[in-house]
Amino acid sequence: FYVHDTYHQDALPQDKICLQIDASTAFGTGHHGTTQGCLEALQALYEEGFKFNNVIDVGTGTGILAIGCSKLFNIPVLATDNDPEAIRKAEEN
C-alpha cells in the first residue's frame with residue numbers, strides 16, 4: 001500500500017495499491033501505527049492466500065482499511081461508523 005493525500009505531488013508507485021486519503025476531521029490517515037499495522041496484516045493475509053466473502057469495518061473513520069481491503073481482495077466491504085463526519089469523509093474517500 002502507498003497512502004497519500006490530495007496534495008501529493010510526486011509520481012505514484014506503480015507496484016503498490018495507492019490510497020488517496022484526506023482525513024481532515026475523521027480518524028485514519030494511514031500514518032498511525034495501528035492503521036499501518038492493519039494494512040500490513042491485510043497484505044500478509046493476501047500473500048498467504050486468504051479469501052473473504054464478507055468484510056465489515058466497524059468504526060471506519062476515513063474508510064482507509066475498508067478501501068484497502070476492498071482494493072486488495074477485490075471485494076465489497078461494509079464500512080460503518082457512528083460519527084456523521086467520519087461517514088461523510090469515508091464516502092468522499
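All values below were derived from every heavy atom in this structure, side-chain atoms included, with hydrogens, water molecules and symmetry-related copies excluded.
Between Ile67 and Val77 the shortest side-chain heavy-atom distance does not fall below 4.5 Å. Inter-residue side-chain proximity for Thr6 and Gln20 is flagged as met; some heavy-atom pair is nearer than 4.5 Å. Counting only heavy atoms from C-beta outward, the side chains of Asp5 and Ile21 never approach each other to under 4.5 Å. Side-chain contact between Ile64 and Asn93: absent, with no pair of heavy atoms (C-beta onward) separated by less than 4.5 Å. Leu39 has its side chain within reach of Val3: a pair of non-hydrogen atoms, C-beta onward, lies under 4.5 Å apart. Between Phe1 and Leu72, some side-chain heavy-atom pair lies under the 4.5 Å cut-off. When side chains are defined from C-beta on, His8 counts as touching Tyr2, because their heavy atoms get closer than 4.5 Å.
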Can you check salt bridge (charged side-chain N to carboxylate O under 4.0 Å, His left out) on Glu91 and Arg88, steps first, answer last?
CA-CA 5 Å; Glu91 288 175 339; Arg88 185 191 72 73; over 6 Å; no
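Side chain of Ser70 to main chain of Pro76: no donor-acceptor pair is present (N/O by atom type, distance under 3.5 Å, no hydrogens or angles). Between the Asp57 side chain and the Ala79 main chain, no donor and acceptor come within less than 3.5 Å of each other. Side chain of Asp81 to main chain of Pro84: no donor-acceptor pair is present (N/O by atom type, distance under 3.5 Å, no hydrogens or angles).
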Distance-only criterion, 3.5 Å: show the donor-acceptor pairs between side-chain atoms of residues 9-17 and protein atoms not counting sequence neighbours.
from	atom 1	to	atom 2	distance (Å)
Gln9	NE2	Tyr7	O	3.1
Gln14	NE2	Leu12	O	3.3

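Between Glu92 and Lys89, at least one side-chain nitrogen of the basic residue sits less than 4.0 Å from a carboxylate oxygen of the acidic one, meeting the salt-bridge criterion.
Ile87 and Leu65 are not part of a single hydrophobic cluster, where members link through side-chain heavy atoms under 4.5 Å apart.
Within 6.0 Å of the CZ atom in Phe73, the count of heavy atoms belonging to other residues, nucleotides or ligands exceeds 12.
In this structure, Ile56 belongs to a hydrophobic cluster whose other members, linked by side-chain heavy atoms under 4.5 Å apart, are Val58, Leu78.
Here the closest non-hydrogen pair linking Lys71 and Cys18 is NZ-O, 3.7 Å.
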